[in-house]
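Protein chains get the first letters and strands the later ones, always in sequence-line order, with residue 1 at the start of each.
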Amino acid sequence: DKDGKDGKQSFKRYASYKGELALPKEVEDLRIHVDRRSRTVLLPVYGYAVPFHINAIKNANKSNEGDFTYLRINFQTPGQIAGKKEDTPFEDPDKTFIRSVTYRSADAARFDNLCRQITDLKKEVAKLEAEKRDKMD
Amino acid sequence: MSALASFKNVFHGLSPEQGEMRLTHNGLAWQGSDTKKVVTVTKESMRAAQWTRVARGFQLRLLLSSDKRRETFDGFEREDHEKLAHICKQHWELSLETREMSYRGWNWGEYDIQSDDLAFLVATKPLFEIPLTSIANSNIAGKTEVSLEFLNPEQLKPDPAAPKRRRAGDELVEMRFYVPGTVERDEGKE
């Protein structure tokens, strides 16, 4: 069915949480939080705790400017690879996508740590998915 | 007027200051515990009441009929719903409507301008809302990309007086969207 036997990957559905009850307590600080167990990064957006599944995230990077550290999270969206055929599948490429978000903080060590946590979680999940695929073959 | 109920550790809007809210037959009053600032909402000005899970617990949102279109209060607990719903119904003739947010973790959906907010919806449920007044700048960064900047010029400089460990959270600086080419370019002029 959706297993993409023709070599083209198909989109696999995912979900961070079933409902608000599952949100971790840390969100009340209005700070970015990585929930490893749910493979989700929670972002504070104007009072809301907004979950993004690690599968929706492409990468994270940081930069220092003056007294602040900036953390930028890039998401998977269509139309990002110019001149190259896309192989990332999307459930609905005609929707509007959040492409990136940037936060800043005066606490450089915390943002360094967050950036590392996101990168590590991305690697870890990619590795697990690859192992799962190998087992299926 | 005697209070029907009072709640401690309630935030007004996005402020980091906690305060106490007292509810009476005629409406509600919130007072900040540090600044002693008072916010009142009369029953007559309330048009609708909503209950939403936010980052800081639950939010009571009152939509108002006056020019100031709403007031929000964060920091309620799950169990407070019953008491609030009862007061809304019995004293203010409003039903406390629960708003379901999206928790799927998807980054695709639809944006919608809803009076004073830019809402982003995932499978018809809101993922977040951004007050339009908080958008400092917006740009069309490419044929399919729109960027929003949030910090106002005075916020861009570090404030040396601000204590390093204050309760304020991480600051959202910018958000970029991929918008497929269905919108005429002229509509994007701002």
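From A:L71, atom CG reaches atom CG of B:D170 across 8.5 Å, with rounding to the nearest 0.5 Å. Expressed to the nearest 0.5 Å, how far CE of B:M175 lies from OH of A:Y103 amounts to 5.5 Å. Atom CZ of B:R176 is separated from atom OG1 of A:T102 by 8.0 Å, given to the nearest 0.5 angstrom. Atom CZ of A:F90 sits about 8.0 Å away from atom CG of B:N107, to the nearest 0.5 Å. Between the CZ atom of A:F68 and the CG atom of B:L151 there is a distance of 8.5 Å, given to the nearest 0.5 Å. How far CG of A:L43 is from CG of B:L172: 8.5 Å, rounded to the nearest 0.5 Å.
The shortest side-chain heavy-atom distance between B:F120 and A:T96 falls under the 4.5 Å cut-off. Using a 4.5 Å heavy-atom threshold, the side chains of B:E145 and A:T77 count as separate. Residues A:I98 and B:F177 form a side-chain contact, since some pair of their non-hydrogen atoms from C-beta on lies under 4.5 Å apart.
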task: For A:R99 and B:S147, run side chain to side chain contact (heavy atoms under 4.5 Å, CB included): C-alpha distance rounded to whole Å, both residues' side-chain angles, the deciding distance at 0.1 Å, then the answer.
output: CA-CA 9 Å; A:R99 178 164 269 179; B:S147 78; over 6 Å; no
- request: Would you please test B:E129 and A:Y48 for side chain to side chain donor-acceptor pair (under 3.5 Å) and show each step?
  value: CA-CA 8 Å; B:E129 283 168 341; A:Y48 294 101; 2.8 Å; yes
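Note: A:F11 and B:W106 fail the aromatic proximity criterion, with ring centroids not under 6.0 Å apart.
When hydrophobic clusters are built by joining Ile, Leu, Val, Met, Phe, Trp and Tyr residues whose side-chain heavy atoms come closer than 4.5 Å, directly or via intermediates, B:L121 is not grouped with B:L132. Both A:V125 and A:L114 belong to a common hydrophobic cluster when Ile, Leu, Val, Met, Phe, Trp and Tyr are linked at side-chain heavy-atom distances under 4.5 angstrom. By the criterion of side-chain heavy atoms lying less than 4.5 angstrom apart, applied directly or through intervening Ile, Leu, Val, Met, Phe, Trp or Tyr residues, B:Y111 is grouped together with A:V50 in one hydrophobic cluster.
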